[in-house]
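Every chain is numbered from 1, with letters handed out A, B, ... down the list of sequences.
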Protein chains: 2
Amino acid sequence: MTWLEVDEDSGFGIENLPYGVFRRDGTDARVGVAIGDRVLDLAGLAGAGLVEGRGWFASGTLNGFMAAGRAAWTANRARLRDLLTDPAQRAAVSPHLVPVTDVELLRPFEVADYVDFYASEHHATNAGRIFRPQGEPLLPNWKHLPVGYHGRAGTVYASGTPIVRPCGQRKVGPSDAAPSFGPTLRLDIEAEVGFVAGTPSTPGRPVTPRAFRDHVFGFVLVNDWSARDIQAWEGQPLGPFLGKSFATSVSPWVVPVAALEAARVTPPAQDPVPLPYLRADEPWGLDLRLEILINGGSVSRPRFERMYWTAPQQLAHATVNGASLRTGDLFASGTVSGPTKEERGCLLELTWNGTEPLELPDGAKRAFLEDGDTVTIRATAPGANGTTIDLGEVTGTIRPANC
Amino acid sequence: MTWLEVDEDSGFGIENLPYGVFRRDGTDARVGVAIGDRVLDLAGLAGAGLVEGRGWFASGTLNGFMAAGRAAWTANRARLRDLLTDPAQRAAVSPHLVPVTDVELLRPFEVADYVDFYASEHHATNAGRIFRPQGEPLLPNWKHLPVGYHGRAGTVYASGTPIVRPCGQRKVGPSDAAPSFGPTLRLDIEAEVGFVAGTPSTPGRPVTPRAFRDHVFGFVLVNDWSARDIQAWEGQPLGPFLGKSFATSVSPWVVPVAALEAARVTPPAQDPVPLPYLRADEPWGLDLRLEILINGGSVSRPRFERMYWTAPQQLAHATVNGASLRTGDLFASGTVSGPTKEERGCLLELTWNGTEPLELPDGAKRAFLEDGDTVTIRATAPGANGTTIDLGEVTGTIRPANC
């Protein structure tokens with residue numbers, strides 16, 4: 001397809017073309033697109049007059065391009081496909097290809113607001129069983145609306161940023177009379193998929209499921225690091241706060257919505273039928289196949305297609321009260337978990353709150369994360385024309401606490 | 001004190017000097033300071049070489065000046081006092097004074113992250129009695145930490161912005177089997193006081209109570225508009241989301257921390273004694289006297305000095321896990337309520353969840369807000385040298401729902 005020597009099975013072929021922000025030593029951060037094992041420097045292409053949008057691409061963030069709207073996204077993607085498939089363009093384009101091993105990949109966009117959902121029925125059920133063993137695992141509202149909350153936008157970090165074990169109030173023993181202060185003893189991950197808004201919306205004007213593609217630029221992988229002991233102690237009645245706000249990591253490549261059209265599948269049946277504002281007229285399940293690795297060993301393979309609430313439903317819900325979107329608003333799915341143990345997306349579930357330690361492929365055992373552990377979440381999806389779309393990976397290594 | 005004819009009882013005398021952002025027709029938004037019934041145009045002053053910081057003040061937001069840090073804030077405040085008290089400066093400064101009636105006051109800063117606390121023991125106790133009548137009104141964590149959560153930064157609006165009644169899922173009758181969709185039937189206010197961060201902090205480095213003044217630029221009034229029926233249905237287990245995210249209003253004048261030194265008082269005794277990271281070595285209660293008016297009639301007079309958790313404690317808590325501050329981070333106190341009915345800061349409490357309608361001064365009755373109602377929250381505090389500090393007001397009028 002393209003004149004580059006790209007292994008179409010690499011996941012970064014012509015049907016993917018995800019956007020990111022990169023830096024080579026001595027140069028400013030700029031926007032690039034992944035193709036094979038290269039990064040195509042869009043600021044360089046724009047400077048040479050080969051694509052429009054030098055202002056967008058020479059900035060150190062995707063926000064300008066994301067704000068330009070769907071027509072600009074479509075035009076740029078089409079132009080890049082032309083440039084990369086027309087052999088006559090090879091001489092002009094080649095100088096703007098950089099080996100990905102030569103660059104630093106940065107956080108791809110500035111986060112405006114960050115919302116985190118709770119959209120996996122399997123995760124919500126497991127969490128309910130663990131935290132409320134006496135009650136019904138799913139609360140009464142769960143099948144009527146995509147439960148979510150706002151997280152901290154200012155601590156959303158690039159993949160690879162070290163994660164310092166947070167300190168805070170927690171009860172070490174469940175029967176302790178009072179909390180103590182210290183490092184979290186239950187540091188966890190949550191493997192999630194996020195989408196990011198490009199086109200803002202007008203206050204008071206909900207974004208319907210049908211308008212999803214007009215507002216959403218693309219998808220990333222998210223690790224919503226969680227301190228379970230801090231979270232359990234602080235979380236009533238207003239929800240998660242310090243147990244989550246220390247760090248959230250996002251993958252470097254934003255996969256355009258258009259690249260995932262071939263991954264759309266029918267989501268799980270919803271019973272009861274949701275209220276009209278949550279109904280979509282096309283299927284928006286996404287066949288994204290995640291994998292979680294701890295210290296390089298695979299520990300779980302969650303499948304995103306099992307999520308009960310879809311991304312367009314989440315966006316419709318979050319705006320139905322008139323709340324508006326800004327460019328850079330990040331919406332994460334909540335932990336992606338499936339019906340079997342091999343598909344659970346966090347250690348809380350994988351180790352049943354630490355009571356059933358997980359044996360890692362190297363033989364070590366983990367109830368929760370230890371200092372020095374490296375966690376990587378990666379994913380692929382079916383792409384157009386029988387190709388594979390690689391969503392890249394989000395990774396982080398645990399550093400010791402400072403308290 | 002000053003060469004202007006300022007009534008020192010006006011609340012906007014030389015001991016206040018709050019910062020805001022204003023616009024006159026035909027000109028760009030710029031930073032100003034309130035003095036008497038005038039706005040001192042700092043961009044104009046800087047253009048004339050009378051103060052430093054033209055770049056900060058000619059922008060349409062306080063964020064640049066807030067990011068400049070405490071030394072810059074102190075120097076600017078001292079310089080403004082000199083200019084306004086030295087009669088020799090009258091001719092030079094007077095051209096930069098604009099009648100406040102000639103300007104539009106805008107939202108004073110761009111909000112980075114927005115955190116909302118729950119720091120009044122009286123409010124938390126009343127809310128607990130209303131929502132969980134069977135249980136203890138205060139949950140076990142409440143006296144150990146300032147409970148809080150993240151709100152939506154993108155829907156924090158200037159005072160005066162109309163508030164459209166939000167739509168969403170709610171149960172109209174408490175015994176309804178399923179929710180229905182429609183306008184909130186329980187639209188409420190929350191009278192709060194917020195503080196805004198100027199100087200960012202380093203990830204991983206908590207901001208101690210002692211460092212509060214190094215990071216916090218000033219205080220504003222906040223109305224955390226709330227849809228109680230939407231909030232009640234959605235709120236478990238992850239806390240408030242659409243019941244709050246449609247709108248939050250802030251007052252136009254940011255009162256510098258330095259202007260409130262004379263308002264510091266001993267806060268309520270804390271039992272149990274908080275963990276060391278929450279202990280301050282000076283008293284940080286603040287004697288701010290709030291008043292809530294509905295359609296011009298006074299309905300409540302909450303006193304901020306009654307808040308159990310102080311602003312420096314809130315900031316220390318929010319950062320103790322390593323979460324960093326950005327310029328523009330807004331922290332609101334939660335509803336300010338006192339021990340008597342006359343000091344309750346929201347209709348939920350004032351009408352006991354609608355069961356005891358409130359009679360307004362004009363004879364009308366309210367369980368919750370009706371379309372067309374205007375709510376204003378205002379406050380004053382003691383200032384230096386026996387003066388009064390006026391915090392201004394935050395106001396909004398309810399527009400009918402669009403659904």
[X] versus chain B, heavy atoms under 4.5 Å apart: side chain, backbone, both or neither?
{"X": "A/Leu138", "result": "neither"}
{"X": "A/Pro183", "result": "neither"}
{"X": "A/Leu238", "result": "both"}

Assess the residue pair B/Ser245 and A/Asn321 against the criterion (side chain to side chain contact (heavy atoms under 4.5 Å, CB included)); give the C-alpha distance rounded to whole Å, side-chain angles, the decisive distance to 0.1 Å, and a yes or no.
CA-CA 8 Å; B/Ser245 67; A/Asn321 68 345; 2.9 Å; yes

What part of [X] gets within 4.5 angstrom of chain A, counting heavy atoms only: side chain, backbone, both, or neither?
{"X": "B/Leu242", "value": "both"}
{"X": "B/Val320", "value": "both"}
{"X": "B/Leu325", "value": "both"}

Side chains of [X] and [Y] in contact at under 4.5 Å (non-hydrogen atoms):
{"X": "A/Arg152", "Y": "B/Val115", "answer": "yes"}
{"X": "A/Val147", "Y": "B/Glu234", "answer": "no"}
{"X": "A/Thr155", "Y": "B/Pro203", "answer": "no"}

A/Tyr149 and B/His150: CA distance, side-chain angles, deciding distance, ring-ring contact (aromatic ring centres under 6.0 Å, His included) verdict
CA-CA 8 Å; A/Tyr149 67 101; B/His150 283 90; 8.8 Å; no

How are the rings of B/Phe117 and A/Phe241 set relative to one another: parallel (under 30°), tilted (30 to 60°) or perpendicular (over 60°)?
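Geometry flag for A/Phe241 against B/Phe117: perpendicular rings.
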
B/Phe181 ring center within less than 6.0 Å of A/Tyr277 ring center
yes

